[in-house]
Structure formats: structure tokens, C-alpha cells
Number of protein chains: 2
Amino acid sequence: MIQSVERALSLLDYLAEHPESKHSLTEMTEFLGIDKSSVFRLLSTLMNRGLVRQDEGRKTYQLGFGIYTLAAALRTQTKITEIVSPFLRRIAVETNENAHLAVRSGMSAVFVDRERASKTISANTNIGDSEELHCTAVGKCLISELDEKSLRILFEDAPMSRYTDNTITDIDSLVAEMAKVRELGYAVDAEEYERNVVCLAAPIINFEGVVEAAIGISGPKDRMEAQMDAFIRTIREAGLELSETLGARRSRPSL
Amino acid sequence: MIQSVERALSLLDYLAEHPESKHSLTEMTEFLGIDKSSVFRLLSTLMNRGLVRQDEGRKTYQLGFGIYTLAAALRTQTKITEIVSPFLRRIAVETNENAHLAVRSGMSAVFVDRERASKTISANTNIGDSEELHCTAVGKCLISELDEKSLRILFEDAPMSRYTDNTITDIDSLVAEMAKVRELGYAVDAEEYERNVVCLAAPIINFEGVVEAAIGISGPKDRMEAQMDAFIRTIREAGLELSETLGARRSRPSL
DNA sequence: CAATGACGTTGTATAAAAAGCAATATGAAG
DNA sequence: CTTCATATTGCTTTTTATACAACGTCATTG
């Protein structure tokens with residue numbers, strides 16, 4: 001609505017989307033399609049506020065560290081539950097199954113939010129409950145990024161309890177399972193914790209590329225299996241959208 | 001320089017600096033001291049670009065997740081060495097001792113940058129070198145945030161080698177030493193790795209409150225001890241300033 | 001080494017956009 | 001239902017951002 005502000009923000013976006021990290025004034029002038037002097041003053045303003053910085057010889061521009069100050073503030077102000085709640089509601093309605101949000105705490109997946117489906121009889125999880133990592137869909141998501149060595153260390157003095165015939169109880173199988181989760185982008189708990197209960201979950205990845213939480217649904221085996229493909233799509237897309245909201249990207253920083 | 005952009009950025013700063021996370025339009029109007037309609041349009045523009053968001057009933061404003069997108073981009077684009085290099089040069093000149101920057105890689109502190117002091121004879125560290133965590137000042141900084149349990153796990157199957165009489169080789173002493181580092185804000189290696197060599201280092205903390213790197217100086221015992229207090233101040237201040245640059249704060253996010 | 005050219009920076013008249021005012025809408029409280 | 005507070009929109013005026021042009025600055029090249 002306010003032109004100069006929009007242009008300034010376009011410059012920030014441009015700098016963010018072009019990682020070459022060396023951008024001249026003329027280059028950005030061409031991008032915006034307006035006069036050099038205007039771009040110069042826009043960049044100067046952004047520089048004064050620390051959102052843009054110049055290299056050594058004041059020749060090229062890139063994003064400035066003021067961004068970090070804002071990000072740090074946003075981080076302290078935002079509870080992940082606030083972001084995820086509407087998703088939980090939508091998923092619970094769409095799937096007619098219970099939806100939940102979990103974060104990792106030590107060796108547990110702790111449920112920090114939950115939305116019941118109207119027609120569901122069973123209400124197996126409550127906020128604050130914790131479950132084990134090796135036998136639940138959200139749990140698997142929360143440790144899915146760990147490499148083999150880390151997994152072995154993690155479960156070294158924490159035996160994987162068996163709950164059903166399907167429970168994964170040896171570390172080799174778990175390592176393989178984690179690779180599968182990473183590849184597919186979601187995790188399944190096929191009656192591995194409780195008979196007749198199937199869960200699906202997807203990781204929520206933040207802007208550092210770290211799994212910060214997991215979003216999942218669970219329900220009785222027959223209902224879950226009947227709509228498996230649709231549910232998988234729903235939960236994967238929710239995970240991806242939430243990850244994008246938190247600024248997740250493909251690449252990782254160097255050094 | 002460009003008024004409307006400056007005002008828009010002031011609004012972002014205001015939202016960042018007031019963590020109550022619920023801010024009405026009139027409140028921000030009073031802050032900027034300009035007309036409501038202008039503030040409204042500024043906020044609308046920022047909202048369109050995702051840098052500001054509104055709560056449920058479109059009543060209050062707070063920082064938006066577009067910030068994360070920018071922060072993620074900045075993170076991928078920025079090498080920490082670029083930020084720290086000028087500090088290393090300044091410190092090397094000021095102290096006349098070698099200055100270096102290290103990050104953690106597994107059980108090692110890896111040196112990723114270094115600046116030699118002109119009058120120094122010994123050049124003990126080179127870029128790419130790695131040292132152990134328990135017996136060096138930078139190493140101590142890099143693990144200073146770990147709690148007792150994590151430290152014990154970390155050193156479980158990695159014995160702490162003894163290099164001198166001063167080397168810390170038992171986990172209890174190391175745990176105590178880490179508490180000291182956290183309290184003081186810097187770490188000392190008093191001939192713990194090499195005879196006659198004393199090192200000082202300070203952690204560099206990013207906007208998540210995580211130790212991302214450590215900056216340090218080292219030199220022969222007599223020279224170091226002669227100016228200990230001044231050197232400590234120099235290295236601590238460098239660490240604090242760099243941490244601030246990376247957006248470090250006091251508080252940590254909840255949930 | 002001078003000349004040329006590319007790019008960044010600054011001054012200024014003018015056109016355009018943002019500010020302010022006032023009117024209207026929305027929603028909460030009594 | 002009325003009242004009040006706050007958000008939103010329309011419109012005129014003034015301010016400000018823009019474009020143009022002139023000037024610096026630096027690097028390249030004949």
C-alpha cells in the first residue's frame with residue numbers, strides 16, 4: 001500500500017532470494033525498474049537500520065544483522081502452539097481423527113497441544129502427556145534427523161520397550177526406520193505402541209533446518225488404513241507448510 | 001532517509017522491543033506520534049509482506065514469520081568468519097598476541113580463522129587445525145553451555161588426555177569448570193595443554209542463545225599474565241559484541 | 001598516463017504519493 | 001439498544017519521494 005515501504009521490502013526479499021551475497025546498486029536498480037537514486041536512498045535507509053549492510057569497499061550490498069535482532073525477538077515472543085493450533089483444528093475436522101503436536105524433551109515426546117475430532121470415542125492423549133520416542137509416529141519424527149551414531153548414543157542406556165508385536169526394539173531397525181522417515185517426510189506408527197492404533201506424523205522444521213516439533217494424527221487401525229493415502233498427504237503438507245512458516249529451507253549454512 | 005520506510009522499520013523495532021506481543025494500532029500511533037491512518041497503512045504494508053501479523057480478531061499486531069525467511073537467508077549467506085575477521089585483526093593488534101576463531105566439530109574445537117600478532121614468534125595454530133575441548137580455552141567455551149548430564153555423555157567414551165600438570169582430566173572438575181565459564185563469561189587455559197602457553201577465550205552466542213563459536217587469544221605465560229585483566233576485558237567484550245551482532249539476547253523462548 | 005566509461009553519490013524541480021483530517025464502519029460494553 | 005472506543009476508508013493538501021541531471025570516484029585500456 002505504501003510504495004516506498006513496499007519497494008524497500010522488495011529489496012530485502014531480493015537480497016534474501018539471491019544467495020550470491022554480492023549485489024551492486026545497478027543490479028538492484030534493474031530489478032526494481034526505478035531510478036538509481038531512489039534505490040540508493042532506499043538502501044541507505046535500510047542500512048541505517050541495520051537490515052542491510054555493505055561490503056568492505058562499500059560496493060556491494062547484502063542482508064544485515066539487524067534481521068537477527070528481529071528474528072530473536074520473534075522467537076522469544078512466539079509459542080509454537082499458537083502457530084500450530086489452527087492446523088490442528090483443521091486437520092481434526094478434515095480427518096475426523098485426533099490431531100496433536102509434540103516436542104522432544106529428553107527421551108520423550110511431550111504433547112503440547114491437541115485437538116479432538118468430534119466423532120472420536122477414544123481420547124488417548126492429553127496435553128502434557130509424554131510418550132516414548134521409538135514407538136510413536138511423533139517420536140520418530142523428533143529423532144529422525146539424528147545420524148546413526150547419535151541414535152546409538154541416545155538409546156544406549158535407555159532400552160526400547162516392547163509394547164506390541166510391531167514395536168521396534170533393536171537399534172539397527174530404528175536406524176533404518178529413521179532413514180525411511182527422512183526419505184518419505186513422514187512417520188508411521190503401525191500398532192507399534194498400542195494394539196489397533198495407527199498414527200501418522202510429520203516433522204516441523206525451523207529455519208536452522210532443525211526438527212522443532214512434530215504434528216500427528218492417530219486413530220483406530222481400520223479407519224486410519226481406509227484413508228491412509230489422503231491422511232498422509234494431509235499430515236505431510238501440514239508439516240511442510242508449518243516448516244515454511246518457520247523459515248525452513250533446503251540448504252544449510254557453511255562454516 | 002526515506003521517511004515512510006524509516007517509520008515502517010521503527011514499527012518493527014517497536015514490536016521487537018516490546019515482548020508483550022499484543023499491540024493495538026492506537027498504541028503504536030502514540031509511539032510514532034503520527035496519524036492513525038498512516039500507521040494503519042504502514043502496518044498493512046508490512047502485513048502484506050509477512051513481516052507483521054494480526055491476531056485472531058484482527059485487533060492486535062505482532063512480528064510476522066516473514067522475518068524468519070529473511071533470517072534463514074541471512075544465515076545461509078553469512079560465513080561467521082566474515083563477521084569475526086575484523087575483530088581478530090583488532091585484537092591481534094591491541095594485544096600483540098595471536099587471536100583465533102574456533103567452532104565445534106564433534107569432539108574437537110576447529111580453528112576456522114586466525115590472525116597473527118606482528119611481534120609474535122610462535123605461531124601455534126593454523127586454520128583447519130583442531131584441538132581438544134577439555135584443555136583449551138576455546139574448547140571450554142564451545143561446551144560451556146552443556147549441562148552436567150550432557151557433558152558426561154559427551155566424554156563417556158572419549159577420555160580426557162593429560163598434557164600438563166594443569167590439564168583437567170576428570171569429569172567432575174570439568175563440570176565445575178564449565179559452571180565457572182558460564183558465570184564469568186570467558187574461559188582460561190592456564191598451561192593446560194602446553195607448557196608456558198596461556199589462552200583466553202569468550203563464547204559467541206547466536207540469537208537462539210546457542211554457543212556458535214569461540215574467539216580467543218593465546219601467548220606465552222609471562223606476557224599473558226602481565227596483562228591478564230586487560231586481555232580478559234578485551235576478549236569478553238569482543239564475545240559480547242559479536243553475540244549481539246548475531247542477535248543474542250538474555251531470555252529464552254518458551255515451549 | 002590520460003582518456004574513457006561504468007558505477008556510485010548528491011542537488012533539485014516537479015510530480016506523485018503519503019499525511020492528515022474527517023467521515024464511516026465495526027465491535028465491545030453497559 | 002445505545003454509547004463508546006477503536007479500526008478502516010475517502011479525499012484534499014502538503015510533503016516527500018522521485019526522476020533527471022550533474023558530479024565524484026574508481027578501474028580499465030589504448
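Each chain gets a letter, A, B and so on, in the order its sequence line appears, and its residues count up from 1.
Applying the 3.5 Å distance criterion, the base of C:dG11 shares a donor-acceptor pair with the side chain of A:Arg41. Residue side chain A:Ser4 does not reach the base of D:dA17 through any donor-acceptor N/O pair under 3.5 Å, judged by distance alone.
Spacing between atom CD1 of A:Ile34 and atom P of D:dA19 amounts to 6 Å, rounded to whole angstrom units. In this entry the distance linking CD of A:Gln3 with C1' of C:dA15 reads 12 Å, nearest Å. Taking atom CD of residue A:Glu6 and atom P of nucleotide C:dA16, one finds them 18 Å apart after rounding to whole Å. Atom-to-atom, CG of A:Leu43 to P of D:dA17 comes out at 15 Å; the value is rounded to the nearest Å. Regarding B:Lys36, its NZ atom lies at a distance of 11 Å from the P atom of D:dT8, rounded to whole Å. One atom, CD of A:Glu30, and another, P of C:dA6, lie 13 Å apart when rounded to the nearest Å. Atom CE of A:Met47 is separated from atom C1' of C:dG8 by 13 Å (rounded to the nearest Å). Note: CG (B:Leu42) to C1' (C:dA17) measures 13 Å, nearest angstrom.
Between the side chain of B:Ser218 and the main chain of B:Cys199, no donor-acceptor pair closer than 3.5 Å is present.
Of the residues near DNA chain C, A:Ser24 and B:Val39, the one whose nearest nucleotide (by heavy atom distance) lies more toward the 5' end is A:Ser24. Mapping A:Phe40 and B:Asp35 onto DNA chain C by nearest heavy atom places A:Phe40 closer to the 5' end of the strand. Residues A:Arg7 and A:Met1 each lie close to DNA chain D; by heavy-atom proximity, the contact nearer the 5' end of the strand is made by A:Met1.
In this structure, B:Asn98 and B:Arg114 have side chains that are not in contact, with every pair of non-hydrogen atoms separated by 4.5 Å or more.
The environment of A:Met228 atom CE is dense: over 12 non-hydrogen atoms of other residues, nucleotides or ligands sit within 6.0 angstrom.
Closest to the side chain of A:Ile2, from the set D:dC20, C:dA18, C:dT9, is C:dA18. Distances were taken from every side-chain heavy atom of A:Thr26 (C-beta onward) to each of C:dC21, D:dA7, C:dG8; the shortest belongs to C:dG8. Taking only side-chain atoms of A:Tyr61, from C-beta outward, the nucleotide of C:dT9, D:dT18, D:dG10 with the closest atom is C:dT9.
A donor-acceptor contact under 3.5 angstrom links the side chains of B:Tyr14 and B:Glu27, judged on distance only.
A ring-centre distance under 6.0 Å is not found for B:Tyr61 and B:His23.
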